[in-house]
Protein chains: 2
Amino acid sequence: MGRAGHAGPGPAGERDAVATTIKDVAAAAGVGIATVSRVFSGTGSVSAATRERVLAVAGDLDYRPSAVGRSLKTRRTGGLGLAVPDVSDPFCAEVVAGVLECARSLGQHVLLDATLGDPAREAEIADRFAEQRVDGVIAMPSGVADPWTGFGRTGVPLVYVGRVPSCRSWAGKVPAVLADDAAGIRSAAEYLVGLGHRRIGFLGAPAPGTPPDVREDAFRAALAALGVPVDEDLVARARPTRDSAYAAAAGLMQRRADLTAVLASGHLPGEAAVLVARELDLRVPADLSIAMVDDIAWAELADPPLTAVNRPARDLGYRACELAARGTARRGPAGPVLLPTELIVRGSCGPAPSRRDRARH
Amino acid sequence: MGRAGHAGPGPAGERDAVATTIKDVAAAAGVGIATVSRVFSGTGSVSAATRERVLAVAGDLDYRPSAVGRSLKTRRTGGLGLAVPDVSDPFCAEVVAGVLECARSLGQHVLLDATLGDPAREAEIADRFAEQRVDGVIAMPSGVADPWTGFGRTGVPLVYVGRVPSCRSWAGKVPAVLADDAAGIRSAAEYLVGLGHRRIGFLGAPAPGTPPDVREDAFRAALAALGVPVDEDLVARARPTRDSAYAAAAGLMQRRADLTAVLASGHLPGEAAVLVARELDLRVPADLSIAMVDDIAWAELADPPLTAVNRPARDLGYRACELAARGTARRGPAGPVLLPTELIVRGSCGPAPSRRDRARH
DNA sequence: CCCTTTTCTGGAAACGTTTCCATGATGTTC
DNA sequence: GAACATCATGGAAACGTTTCCAGAAAAGGG
């Protein structure tokens, strides 16, 4: 009541403004709605004079074609669903940025949601995307289970980015854009071994399912290839939270005071390693070398700056979006796209201290 | 042609699967579409038996109501538009996370896009949101101009978050959720002055429009209130990019070797200050104290850990989303919501070095 | 057992587009 | 100048929902 009764002196009629539709424009311009549609969708032919008039009228009426009406008819919404575990994680954020960039260049828009690593939430989000009839889905799966495959079946292109579900059922049936994590870990491991390190701690992801995680595998393989025995006691695992990472790092580094280097499989364990080293009064890199995966902003700000394996997060997002939007996704299995990583050497790794050096300190 | 001719042995009919509609369900369940609609929308009354049957059939057919059809009829899409300058900026990312959290709890979804500080892009995004008929818009405006106000006029709730356009035309007509930047800056300034600092550098934002920026004003006001003369030469400005921030910081700190503290108005200038101090071989905090606005992850990782003013980014996003979704936004002017900041004291600020100390070094 | 109320149900009309089709008006070609 | 191709245009039928309305069935009251 309040609103309706009060509509008097508003400057430009605006109260509960119902958006102007194609009919209004047609009426005002004295043409049929089909003509207005043709003007705005660019299809068909319209005489220059008519086009002018329609555009003018549309401008006056502040007409904007409704994507809802259009989508209903054309069966394309122009939207892409994007689900990542956590938008405030720098890696995820960069992936999102890449997707946005590509989506924009393709004229698509993006529905974003965060899974927070919760399978239930993941399923809800997938449901919502389906209901919204997105044209494609890009997902960074967080866990083992996989609520996403439904899309493939309904003909909506689905692309994994940055990670694939760890359940075996996946088997490359869904296209994916990944960083070459194995190569990244290998390069870091080789670098550390090259500096003389033999007792290298590894801070990895938990392995809830059967397969122990790509990076952990890669770490073992790299050491083995270099003839360095793998000490299982030096492999620690943590969930992707600050607390869990810190606990794992602290546990490992206190238990094994003899290790000379730590390789963190992500920026969270990397951060934890730095903090624990500081807590334990270890000088980096004199007492302990630290390297991590993910070359994020603070790597350069830490003191000393951290040696890191860069994953091309932005490109991952961009490429994934291309696949999802183009629908190229559906052509054959094709296997995952692997993007190269790069070892960025900074000051956090040094030669392995000899036993005497360590004892003296 | 290829596709149509080849549809033979697919396992479960899936080829170019047209989504099942309410009609299919109605037909298969032997009821009218109105009944199916009632079952799914929860409105009206349906006998238990019928509901069962409909749900069963819908399950078999993997039916999902189309949000497009629904939106057309109900004139609500359930979507919120969110535009931020850069998703990979930690502050923005946190705001986005807050919005997502709130949106989820309200059953809305989020269309995200990045403006990159480009007014043209901002306008395009606003256009797209309008076309998509979002139910509300949340914008972190980047510049002076303001492509957003159009929404207010069309009855779509619009809320600014984190920042308001610097053009004067704004005048509080649009609701906003902001951090109390002035108070934040003041607390940091008071803290530094309390430590004995008198020559404090300020790294701020550029002032392209008339008003010089809230934080810069607050800085001046705080110093004045404490009886410290403001030296205009100590106020440097930069655009919100790494390069610009670095240049500004380097310029200021080289030009004025006598300054004893730097207050950075954001994490980018903060980062720049840390790097320049390192470059110039200044010990923090012995030679130079550094404090910044934005308590982001690396503040704790820097060495020494950085004293920072925390802005409740996540809450900003959450509150803004509430306003935008609830439409509470439209009730009166109400002025911006100000959320409190907090000074997090860490190790990067110390007592001002006496002149002798500095000379000796 | 009839009348009234309540509960269920289906038909049909929107909602704002696109697009097929038919029609009339122009141009073009010999 | 007749036959024909081309262009410009409007009417109408989708697209997948919700929701009003009216009718049918069930329930309740005397």
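Just so you know, these numbers come straight off a predicted model, no measurement behind them. For the numbers below, each heavy atom of this structure counts, side chains included, while hydrogens, waters and symmetry mates do not. Below, read A as the first sequence line, B as the second, and so on, with proteins coming before strands; counting in each chain starts at 1.
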Do [X] side-chain atoms and [Y] backbone N/O form a donor-acceptor pair below 3.5 Å?
| X | Y | result |
| --- | --- | --- |
| A/Arg163 | A/Tyr160 | no |
| A/Arg128 | B/Gly107 | yes |
| B/Asp24 | B/Thr21 | yes |

Nearest-Å distance for atom pair [atom1]/[atom2], residues [X] and [N]:
| X | N | atom1 | atom2 | value |
| --- | --- | --- | --- | --- |
| B/Leu72 | D/dT18 | CG | C1' | 10 Å |
| A/Arg70 | D/dG16 | CZ | P | 17 Å |
| A/Ile22 | D/dA12 | CD1 | C1' | 14 Å |
| A/Phe40 | C/dT17 | CZ | C1' | 13 Å |
| A/Lys23 | D/dG10 | NZ | P | 16 Å |
| A/Glu131 | D/dG16 | CD | C1' | 13 Å |
| A/Ile33 | C/dT19 | CD1 | P | 13 Å |
| A/Asp24 | C/dC15 | CG | C1' | 13 Å |

Mind checking if [X] touches a base, just sugar-phosphate, or nothing, with heavy atoms under 4.0 Å?
| X | answer |
| --- | --- |
| B/Gly30 | sugar-phosphate |
| B/Arg64 | sugar-phosphate |
| B/Ser71 | nothing |
| B/Gly32 | sugar-phosphate |
| A/Val46 | sugar-phosphate |

Below 4.0 angstrom from OP1 or OP2 of [N], is there any side-chain N or O of [X]?
| X | N | result |
| --- | --- | --- |
| A/Ser37 | C/dT17 | no |
| A/Thr21 | C/dC15 | no |
| B/Ser45 | C/dC8 | yes |
| A/Arg51 | D/dA8 | no |
| A/Thr35 | D/dG10 | yes |

Query - Nearest listed nucleotide, side chain of A/Arg75, among D/dC15, C/dT9, D/dT19 - result: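 Selected nucleotide (nearest to the side chain): D/dC15.
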Query raised in the report: Looking at the side chain of B/Tyr63, which of D/dT9, D/dT17, C/dA12 is the nearest nucleotide?
Result: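 Looking only at heavy atoms from C-beta outward on B/Tyr63, the closest nucleotide is D/dT17.
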Query raised in the report: If you round to the nearest 0.5 Å, how far is CD of B/Glu101 from CG of A/Asp113?
Result: 11.0 Å
Query raised in the report: In terms of the nearest nucleotide of DNA chain C, which residue is placed more toward the 5' end: B/Thr74 or B/Arg38?
Result: B/Arg38
Query raised in the report: Charged N to carboxylate O under 4.0 angstrom, A/Arg314 versus A/Glu94?
Result: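 Salt bridge: yes.
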Requested in this report: In plain terms, say whether B/Glu322 and B/Arg319 are close enough for a salt bridge, that is, a side-chain N and a carboxylate O under 4.0 Å apart.
Outcome: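 Yes, charged N to carboxylate O under 4.0 Å.
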